[in-house]
Amino acid sequence: MVLFSKSVSALRSLRSRVVGYEVGSCLPSSCKMGESLHHYDTSMYATCAKLSEDPSKESSPADMLIDSFGRLHTYLRISLTERCNLRCQYCMPAEGVELTPSSQLLSPNEIVSLANLFVTSGVNKIRLTGGEPTIRKDIEDICLRLSSLKGLKTLAMTTNGITLARKLPKLKDFGLNSINISLDTLVPAKFEFLTRRKGHEKVLESINAAVGLGYNPVKVNCVVMRGVNDDEICDFVELTRSRPINVRFIEFMPFDGNVWNVKKLVPYYEMLDKVVAKYQGLQRIQDHPSETAKNYRIDGHHGTVSFITSMTEHFCAGCNRLRLLADGNFKVCLFGPSEVSLRDPLRAGAEEDELREIISAAVKRKKAAHAGMFDIAKTANRPMIHIGG
């Protein structure tokens, strides 16, 4: 199957128009002009950035955070709930999903206890996800308790923004210092179609509130789908002109129930080409080795633009992320089906060292890279609403 119609020559031509553009430099020397990317081993898509060969030079975490490839995992994503006040098409099937009984979900004390275990082992960033984390009545208390953990540098949240505006001032006071707001269209009617709910104006209000409270940058996540919102890419870029907004264009990814189709996927270089065609002075920003996004600055714009290329140019080589699901399952790869329960041994009275051994064993089993988009699409995995965005 031909993956994309755009050729490698088109990729390389972009470099002459983008300062610091590096995609071409990742291509193998055997790749001939005009040949399609699908002819080459998927390793060519791996990030060009290299992790430190000796992670201990940067920090001294417990061994449980280092996998068999030497990747140091300092970023934990915690899903606080499987519930959501939207029904986004790429996140869950139209009929909804079966929710885990509340007795099987982690309690606030269990969340903080496990988070503390990770932080004392070297995790320095936690992101709260869902479902929709802000629908929890105890979200402020959870933020306060997590932000108080010694060694935690960043407490972030990914939210749909529906109820965020009125809660954000208190959340900031309680230690939430980074925010991502999901918004896939600037057209109200299209928003209702994509989310199966109303609320577009509330999301915009939340973005404005975050800017007003001094969050810098305010990250706006946009999943791009062909024939749905790919015509709005430059409209989203305009959000960065005068405000500290980082628009993050995300390639459409396959999860159970979201009816993924490669024809809906708009690859990174196609999105980038649209931006390059309209804006002068697009410059690549130097990315951290564990960065998931390819980041760009536009001359004269206060904010930035990023592309998350999970499907066409994976960043597995620099992955530093782990996931704790709302039901207490531990997941080392977003696209991998393997999970192990931390809730069960915790409730059975396991000591910290026992939990560390379980976590360490799971981390050591983490693979070098995900299987690739077509294999992912055929692999049983949870809906995104269960995993946490």
Side-chain angles (χ1 to χ4, degrees), residues 75-118 123 125-147 149 152 155-168 170-172 174-176 178-184 195-197 199 202-203 206 219 221 223 255-258 321-331 334 339-344 346-347 381-389:
Y75 180 4
L76 178 66
R77 301 174 70 100
I78 301 177
S79 175
L80 296 180
T81 179
E82 297 173 350
R83 297 181 181 276
C84 188
N85 44 11
L86 296 180
R87 295 291 182 271
C88 298
Q89 295 187 25
Y90 56 78
C91 190
M92 70 166 73
E95 65 274 16
V97 296
E98 184 176 351
L99 298 174
T100 303
S102 57
S103 63
Q104 296 178 25
L105 299 176
L106 292 178
S107 69
N109 287 341
E110 290 170 332
I111 291 170
V112 175
S113 177
L114 289 172
N116 183 63
L117 180 65
F118 280 95
V123 163
K125 179 177 180 179
I126 289 177
R127 177 174 296 280
L128 304 177
T129 69
E132 172 49 41
T134 63
I135 67 174
R136 283 191 65 134
K137 295 179 180 179
D138 57 357
I139 184 62
E140 291 93 350
D141 180 62
I142 289 175
C143 283
L144 179 61
R145 295 175 69 184
L146 290 176
S147 67
L149 295 178
L152 188 68
L155 180 61
M157 180 186 291
T158 296
T159 169
N160 61 32
I162 294 294
T163 65
L164 179 67
R166 59 185 173 85
K167 296 185 176 184
L168 193 53
K170 194 171 183 180
L171 289 172
K172 186 180 182 185
F174 283 5
L176 185 70
S178 180
I179 194 78
N180 288 51
I181 300 173
S182 298
L183 179 64
D184 301 315
T195 66
R196 307 183 180 107
R197 296 290 187 276
K202 294 180 180 178
V203 183
S206 291
K219 297 180 179 181
N221 294 347
V223 176
F255 293 98
D256 277 10
N258 73 353
R321 289 163 296 286
L322 303 170
R323 291 173 180 266
L324 180 62
L325 279 55
D327 63 1
N329 274 14
F330 178 56
K331 195 175 180 73
L334 172 62
E339 299 177 5
V340 61
S341 177
L342 298 183
R343 177 201 64 205
D344 293 347
L346 180 65
R347 291 183 178 180
N381 198 357
R382 299 212 216 185
M384 191 54 146
I385 190 74
H386 278 171
I387 298 172

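Positions are given from 1, in the same order as the sequence printed here.
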Non-hydrogen atoms of [X] and [Y] that approach each other most closely:
| X | Y | value |
| --- | --- | --- |
| C143 | L128 | SG-CD1, 3.8 Å |
| K331 | E339 | NZ-OE2, 3.5 Å |
| V203 | S182 | CG1-O, 3.8 Å |
| P108 | D138 | CG-OD2, 3.2 Å |
| P133 | G130 | CD-N, 3.9 Å |
| Y75 | R321 | CD2-CG, 3.1 Å |

In Å, rounded to the nearest 0.5 Å, how long is the span from [atom1] of [X] to [atom2] of [Y]?
| X | Y | atom1 | atom2 | answer |
| --- | --- | --- | --- | --- |
| R197 | I162 | CZ | CD1 | 10.5 Å |
| T100 | L105 | OG1 | CG | 5.5 Å |
| D141 | L146 | CG | CG | 9.0 Å |
| N221 | L183 | CG | CG | 10.0 Å |
| N160 | N180 | CG | CG | 12.5 Å |
| S206 | R166 | OG | CZ | 10.0 Å |

Given M157, which partner from the list T129, T134, L168 fulfils the side chain to side chain contact (heavy atoms under 4.5 Å, CB included) test? T134

The single option from L322, L325, I126, I142 that satisfies side chain to side chain contact (heavy atoms under 4.5 Å, CB included) with I78 is I126

Would you sort out whether L171 and E140 count as a side chain to side chain contact (heavy atoms under 4.5 Å, CB included), showing the intermediate values? CA-CA 6 Å; L171 289 172; E140 291 93 350; 3.9 Å; yes

Expected output: side-chain D327 to main-chain Q104 donor-acceptor under 3.5 Å: no

Determine yes or no for a side-chain-to-main-chain donor-acceptor pair under 3.5 angstrom, with R136 supplying the side chain and L80 the backbone. yes

Determine whether R347 and E110 make a side-chain contact, defined as any pair of heavy atoms from C-beta on separated by less than 4.5 Å. yes

Check whether any side-chain heavy atom of T158 lies under 4.5 Å from a side-chain heavy atom of K219, and answer yes or no. no

Would you tell me whether T159 and E132 have side-chain atoms, one donor and one acceptor, within less than 3.5 Å of each other? yes

May I ask you to check whether over 12 heavy atoms, not counting those of K202, lie within 6.0 Å of atom NZ? no

Start with the C-alpha distance between L106 and L324, add both sets of side-chain angles, then the distance that settles side chain to side chain contact (heavy atoms under 4.5 Å, CB included), and finish with yes or no. CA-CA 10 Å; L106 292 178; L324 180 62; 3.9 Å; yes

